[in-house]
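Read through the structure below, which is laid out as structure tokens, and then see the notes.
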Amino acid sequence: AVVKNTVKEDSVFYAGRRGQGFLDSVKNLIDEFKRYCVTPDMLYAAGDKTQNSVLKNKLISTADIYGEFERELKKGSFLDSEDDFLRLSDELEKNKYFEGANVWVDMFTDFSPQHIRVLGAILKSGADVSIYLPANKSEVASDSLFEFPEKTVTALKKVCERIGVLCSQSVCEQRKSMRPAIESYCENFENPDFKYTDRADEIRIFRAKEKYSEVEETALKILDLVREDGFKFSDIAVVCTELEEYISFIEPVFFEYHI
């Protein structure tokens, strides 16, 4: 009904409105807007500013669909799980549930705008919030591994300034020291000419016949580290290039091994 009421003959989406996957694409787009707190009014405003007629039509047509979707939500016809964080932040601001509480946030590198809004509501309610992020004490380039945490710190500082709460920042030493070969690898991650000349017993290389076997072997190694060597799952990271080619194997294999 939302698409039927808004996608008219002059809409850029009119020709493809009945195409396979169109509704899923529209819903995914709306979900993305909500995660980043983009409203229909913002899309209308962007459409008014652009001189590109095709882009203008797309923005306005998208805003029409998004706006109608929001109006249907307000009627109570259905609920959207993407609004959970927004509803949570509104409730936290109304009810001082976290007043005087100590809140600790760990294991994140960045937050979506919705998450930032919830954290702001918790701060506004009078809680003492401590957030731990991976960082480097030295100056790092904008394209470094710490780019996301650095941007997160900036976003959190802006929230604190906006709601008028004190924000302080300190650097903690890493909890576990890395082994020499791994530490050298991390320090020279972006250096293609780096060569490690000492023994590297902590680094293992194996050959897999195909991607599924590669992922399964990785899963078995993770379980071995957790069961035999005392690691936690949160101590382990899986890093690979071309993630989109591996994700269809990683999800089912890791689920099967309860990782």
Side-chain angles (χ1 to χ4, degrees), residues 25-47 49 59 62-63 65-67 69-71 73-74 78-172 174-175 233-235 237-239 243 247:
S25 297
V26 170
K27 182 59 174 67
N28 290 338
L29 186 59
I30 291 176
D31 289 347
E32 194 75 4
F33 286 149
K34 291 195 174 189
R35 291 185 193 116
Y36 288 88
C37 299
V38 176
T39 66
D41 288 341
M42 291 180 182
L43 296 177
Y44 283 125
K49 290 180 181 179
L59 288 169
T62 303
I65 297 173
Y66 188 8
F69 182 82
E70 290 294 279
R71 285 188 286 273
L73 278 177
K74 290 179 180 178
F78 51 88
L79 295 175
D80 185 3
S81 60
E82 290 297 331
D83 288 331
D84 288 349
F85 281 113
L86 299 179
R87 286 192 290 268
L88 174 62
S89 60
D90 290 340
E91 287 299 317
L92 288 175
E93 290 192 8
K94 293 177 186 175
N95 305 297
K96 302 294 184 180
Y97 180 79
F98 284 101
E99 187 173 9
N102 292 307
V103 179
W104 304 80
V105 182
D106 197 4
M107 306 305 294
F108 287 87
T109 56
D110 65 335
F111 300 98
S112 72
Q114 283 191 345
H115 295 153
I116 293 288
R117 182 169 173 174
V118 171
L119 290 171
I122 294 173
L123 285 164
K124 200 172 181 179
S125 69
D128 185 354
V129 181
S130 299
I131 301 172
Y132 290 85
L133 296 166
N136 192 340
K137 287 189 291 185
S138 62
E139 293 295 325
V140 290
S142 60
D143 61 347
S144 73
L145 294 173
F146 298 100
E147 178 183 3
F148 286 122
E150 288 175 344
K151 289 182 177 180
T152 301
V153 170
T154 301
L156 291 170
K157 286 181 176 180
K158 288 181 179 179
V159 170
C160 291
E161 291 175 2
R162 177 172 56 81
I163 63 180
V165 299
L166 181 64
C167 175
S168 61
Q169 181 178 343
S170 59
V171 177
C172 302
Q174 61 187 26
R175 291 173 293 180
F233 285 119
S234 58
D235 294 327
V238 178
V239 182
L243 180 61
I247 196 67

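What you see is a predicted model, and the numbers here were worked out from it, not measured in a lab.
- Atom NZ of residue Lys158 and atom CZ of residue Arg162 lie 11.5 Å apart, to the nearest 0.5 angstrom.
- Annotation for Ala63 and Pro40: closest pair CB-O, 3.7 Å, computed over non-hydrogen atoms.
- With Ile131 as the fixed residue, the side chain to side chain contact (heavy atoms under 4.5 Å, CB included) test singles out one of Val153, Val103, Leu156, Asp106: Leu156.
- Of the possible polar contacts, one joining the Gln114 side chain to the Glu82 backbone as a donor-acceptor pair under 3.5 Å is found.
- We find the OH-CG distance between Tyr44 and Leu59 to be 11.0 Å, quoted to the nearest 0.5 Å.
- With rounding to the nearest 0.5 angstrom, the CG atom of Leu29 is 6.0 Å from the OG1 atom of Thr62.
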query = Between Ser89 and Arg117, does a side chain to side chain donor-acceptor pair (under 3.5 Å) hold up when you go through it step by step?
reply = CA-CA 6 Å; Ser89 60; Arg117 182 169 173 174; 3.2 Å; yes
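- The closest side-chain heavy-atom distance from Phe69 to Lys34 is below 4.5 Å.
- Annotation: Tyr36 is not in aromatic contact with Phe33 [ring centroid separation under 6.0 Å not met].
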task = Please report the C-alpha distance between Cys160 and Leu123 in whole Å, then the side-chain angles of each, then the deciding distance to 0.1 Å, and finally whether the side-chain contact (heavy atoms from CB on, under 4.5 Å) criterion is met.
result = CA-CA 8 Å; Cys160 291; Leu123 285 164; 4.1 Å; yes
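- For Tyr97, there are no ring pair (Phe, Tyr, Trp, His ring centres under 6.0 Å) partners, not counting sequence neighbours.
- Under the 3.5 Å distance criterion, the side-chain polar atoms of Tyr66 are matched with a main-chain donor or acceptor of Val38.
- Under the 4.0 Å criterion applied to side-chain N and carboxylate O atoms, Arg87 and Asp90 are not assigned as salt-bridge partners.
- Ring orientation note: the planes of Trp104 and Tyr132 are close to parallel, at an angle under 30° on the 30°/60° scale.
- By the 6.0 Å contact criterion, CZ on Phe111 is enclosed, its count of non-hydrogen atoms from other residues, nucleotides or ligands being greater than 12.
- Taking OG of Ser25 as the reference point, atom CD1 of Ile30 lies at 11.0 Å (rounded to 0.5 Å).
- Of the inter-residue distances, the one linking Lys27 atom NZ with Ile65 atom CD1 reads 13.0 Å to the nearest 0.5 angstrom.
- Lys157 NZ to Cys167 SG: the interatomic distance, rounded to the nearest 0.5 Å, is 6.0 Å.
- Across all non-hydrogen atoms, the minimal contact from Arg35 to Pro113 is O-CD, 3.4 Å.
- Using a 4.5 Å heavy-atom cutoff, the side chains of Leu92 and Phe98 are in contact.
- Side-chain contact between Thr154 and Lys151 is absent, with no heavy atoms from C-beta onward closer than 4.5 Å.
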